[in-house]
Enquirer: 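Before anything else, here's the structure in question.
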Amino acid sequence: MWDYTDKVREHFWNPRNVGEVENPDGIGQVGSLACGDALRLTFKLDENKRIKEAKFKSFGCASAIAAASVLTEMVVGLTIEQAEKITNQDIAAALGGLPEQKMHCSVLGEQVLEKAIACYRGRPAGAKEEKMICECFSVTDREIEKAVRENR
Amino acid sequence: MNRIYLDNAATTQAAPEVIEAIQTCFRETYGNPSSLHSFGLEARGVIESARRNIAGFINASSDELFFTGSGTESNNTAIKGIVYSLRGKGDHIVTTAIEHHAIHEPLHFLETQGLKVTYLRNDDNGQVDPDDLKKAITGETILVSVMHGNNEIGTLEPIKELGAICRERGVYFHTDAIQTFGHIPIDVREMNIDLLSASAHKLYGPKGVGLLYIRKGVQMTPLLHGGGQEKRLRASTQDTPGIAGFSRAVELAASEMEKEAGRQSRLRDKLIAALLEAVPESTLNGHPKLRLPNNVNMSFACVEGEAALLNLDMEGIAVATGSACTSTSLEPSHVLTACGMTHELSHGSLRLSLGRTTTEEEIDQVIKVLPPIIAKLRAMSPLYKKQGAK
Amino acid sequence: MNRIYLDNAATTQAAPEVIEAIQTCFRETYGNPSSLHSFGLEARGVIESARRNIAGFINASSDELFFTGSGTESNNTAIKGIVYSLRGKGDHIVTTAIEHHAIHEPLHFLETQGLKVTYLRNDDNGQVDPDDLKKAITGETILVSVMHGNNEIGTLEPIKELGAICRERGVYFHTDAIQTFGHIPIDVREMNIDLLSASAHKLYGPKGVGLLYIRKGVQMTPLLHGGGQEKRLRASTQDTPGIAGFSRAVELAASEMEKEAGRQSRLRDKLIAALLEAVPESTLNGHPKLRLPNNVNMSFACVEGEAALLNLDMEGIAVATGSACTSTSLEPSHVLTACGMTHELSHGSLRLSLGRTTTEEEIDQVIKVLPPIIAKLRAMSPLYKKQGAK
Ligand SMILES: Cc1ncc(COP(=O)(O)O)c(C=O)c1O
Ligand SMILES: Cc1ncc(COP(=O)(O)O)c(C=O)c1O
Ligand code: FES
Ligand code: FES
């Protein structure tokens, strides 16, 4: 099993920026094939095209919650180009490290950010994308079930 | 903060009487039980009286009882011991989909060596169908292993009936009784059991002491080879203090079991009813009636188990979960999956297992604390909002 | 009567500090170390700090240390684990003629499955010749196992040199250090050891707790399959109190070992000299110098060991004849036989093994009591009379 750093605990117990940004400029949602969890990120830019606000929702373990929480803090004030450079290693480092078995939870963070940025670049965000995002997750969900079946 | 321990299925706190017995033995009976001198004689006396006591508890005779170093070792010894000794006669074992890893893993190991294993399907409540067992047994079958009570969902299996089928077909029958031993009655003769595993730390005894009941006449290859202890079936200097503690734990169980099973079942049912009522989209896992007196296992949709567990821990309440995120393999509980549960629901499963010291006040506290935690986590969950909106 | 315990090679009495540590752990740290909640976290803390402490004691790193349920289990795990994992590479093991049953018996079991074993000859003092090892290793050899100190005659083997040979030949080297661990210094790096077994109850720790050191990079198949404990190498709920006790025992050993080895060697040599002097036709078994600090093993011609043992027991003095484990079988010690001893002499062998609490007064008492017992038994012996008449 694993033991968490104080930073992970702190973010898990007092997660920052839980919820959804209103009228987001970017939306991303991912599911983890490894453990079957889901993470959703929404963000909004200010007039200088810097991230003004970011929020998350998570159906995941303590690491996933902490990773998302710290990510929403890390991206604020960054340009899209800067935010894009954030890797899961950066996220884990910001948490003082993650147990090896939980590194993939920080990968969720990196992926969700990628998705949200792609969404921002691809088309203006809106209610439609939100629906599509969910459909997309159910695809992932099916993939998970397939993976589980194959692993039996 | 007064902490509330509701993880007695994982392990129990040794009873004060057990600690006392261990302590006394450490101080006074420290000889090696294999030694010829009086220190050895005294140690042997402690072990043999423990053996008689524990054998009597399950209606075995004392030469059918072997002490081991853990429940896992008992299971490994039973499975590998029968396979190595009967390999000439057949290469097939029947078990169920919801056994503990300490049964599945030795079987997987033996499968790499050519053993064939049939995993019986369990119904959604976790029970196996005796008819399925009848169909699964072939001329090649050398052993059937079905657990008495499941450690995750608490479901009890129809051991006596399964044992009778095996007896009739001339196949050895093993049961992993690690969750039931000391909690509900066991009679190895009446229940047609050939081999049975138990582990002391699940009944307020010490960790690191297990037992294997082997019906007289059953031949098997040892797992630990070495000295002549335990009639050559299990070499190693015996853990006299641990065995003395196990024996004391069994004495306590013998005197309290019936009363405790009643008391804990009542608290269990109260907790289940209250949570089903207070938390929307919650379900009970395992059999509604035929379950361990101390086991509550519930799923809360769209909530991740580890997050719920850690939130409860913050409130001083210790529970377990079958979530994939907490297993080192990142797979959801094979037990919940085998009972037909979706990935999503098994993710949000919590097991609360009561014990001898669990009080009604503690249960009330859980009933108060758990629902808001679930609500808080659902508010964070990207899945729940959607469902709520439906 | 104040009893004198001189069977510390069979087992030791747990030190008061060890009992205290176990007790505290039972009371306070009772969670399952695999559990995620704080009870589990605390138990994990106890185990990992024990692991670091004990690893440091033999210059290993803590991820190379695995807790088991006995010395026998450690030996079985090492031998079977290497054989099952390297069976594709070769089918030959080298060991010595005087290993403990917990090495010989797993090997005999594997021999029935096609393994080939070379048993190196030991000289009359019990030592193996490194040149013999060099000759015995073939392209098929996958493991060499030589004990560090012999449990019967106390002889120490040239582990560092043997290990170097194995390292050079690319063969894994295991040592059964169950008699030496905590008694004389061990440095697994300096001594070229790949695998090492120890057992807590031989160093004033609890029974039922062992350890296996496995050098990083050595791959092996587990013996106990099940849950993910001990990095999947040894499934079973860990015995937290036992491990805490083991750790305390190692702390005590670390601080007292040097002093105690000196003190016990002095008493040992005094006892040997006095008995050789007082009892005609008595001989020392094992190496005169390279021996365990606490081991005295002597043969008294024409005296039967058990009779001598029971006479001493009557006087409150506990000793062994051969090893405790062999006492149930009626064959003479395979160790003494391997060292070239006649049947007759090995029959009359006594092992007196000193411990931390052994006093000079106790040794004086033995020197006073033993010679008349030998004389009395010889007066009864039809063999001795003849010899005496010569
Ligand atoms: C049903 C069952 N089988 C086997 C085991 C393994 O027992 P132990 O951890 O004592 O080796 C457990 C508990 O962990 C269990 O609940
Ligand atoms: C050299 C040696 N190896 C192995 C063992 C077996 O250890 P245990 O009885 O703790 O399993 C012993 C002691 O009995 C021993 O002295
Ligand atoms: S995960 Fe891709 S949109 Fe839902
Ligand atoms: S989200 Fe499943 S392990 Fe972290």
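Computed from a prediction, not measured in an experiment: that's the story for all the values here. Letters A, B, ... mirror the listed sequences (proteins, then strands); counts begin at 1.
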Enquirer: Using only heavy-atom distances, determine whether the side chains of B/N75 and B/S197 contain a donor-acceptor pair under 3.5 Å.
Expert: yes

Enquirer: Can you label the angle between the B/H334 ring and the B/H101 ring as parallel, tilted or perpendicular, going by 30° and 60°?
Expert: tilted

Enquirer: If you count heavy-atom pairs within less than 4.5 Å of chain C, which of B/G31, B/P241, B/A320, B/G210 leads?
Expert: B/G31

Enquirer: Which one of B/T68, B/D239, B/T221 has the most heavy-atom pairs closer than 4.5 Å to chain C?
Expert: B/D239

Enquirer: Select one option (side chain, backbone, both, neither) describing which atoms of C/L309 are under 4.5 Å from chain B's heavy atoms.
Expert: side chain

Enquirer: Apply side chain to side chain contact (heavy atoms under 4.5 Å, CB included) to residues B/V319 and B/D7 and explain how you reach the verdict.
Expert: CA-CA 5 Å; B/V319 306; B/D7 202 9; 6.0 Å; no

Enquirer: Report the relative orientation of the aromatic rings in C/F39 and C/Y30; use parallel for angles under 30°, tilted for 30 to 60°, perpendicular for over 60°.
Expert: tilted

Enquirer: Output the option from B/S236, B/A102, B/P206 having the highest count of non-hydrogen pairs under 4.5 Å with chain C.
Expert: B/S236

Enquirer: What option among B/H104, B/E73, B/H108 has the most heavy-atom pairs under 4.5 Å with chain C?
Expert: B/E73

Enquirer: Could you have a look at C/G69, C/G228, C/G208, C/P106 and say which one has the most heavy-atom pairs with chain B under 4.5 angstrom?
Expert: C/P106

Enquirer: For the pair C/F109 and B/H225, name the ring-plane relationship: parallel under 30°, tilted 30 to 60°, perpendicular over 60°.
Expert: parallel

Enquirer: Name the region of B/L223, side chain, backbone, both or neither, that has any atom closer than 4.5 Å to a heavy atom of chain C.
Expert: both

Enquirer: Shorter than 4.5 Å, heavy atoms on both sides: which option in C/S38, C/A235, C/S70 has the most such pairs with chain B?
Expert: C/S38

Enquirer: Would you mind checking which part of C/Q113 comes under 4.5 Å of any heavy atom in chain B, side chain (CB onward), backbone (N, CA, C, O), both or neither?
Expert: side chain

Enquirer: Rounded to the nearest 0.5 Å, what's the gap from CG on C/N32 to NZ on B/K207? Could you check?
Expert: 7.0 Å

Enquirer: Using modelled atom types only, decide if a donor and an acceptor are shared between the side chain of C/T95 and the backbone of C/S145 within a distance under 3.5 Å.
Expert: yes

Enquirer: With a 4.5 angstrom heavy-atom cut-off, which part of C/R27 approaches chain B: side chain, backbone, both or neither?
Expert: both

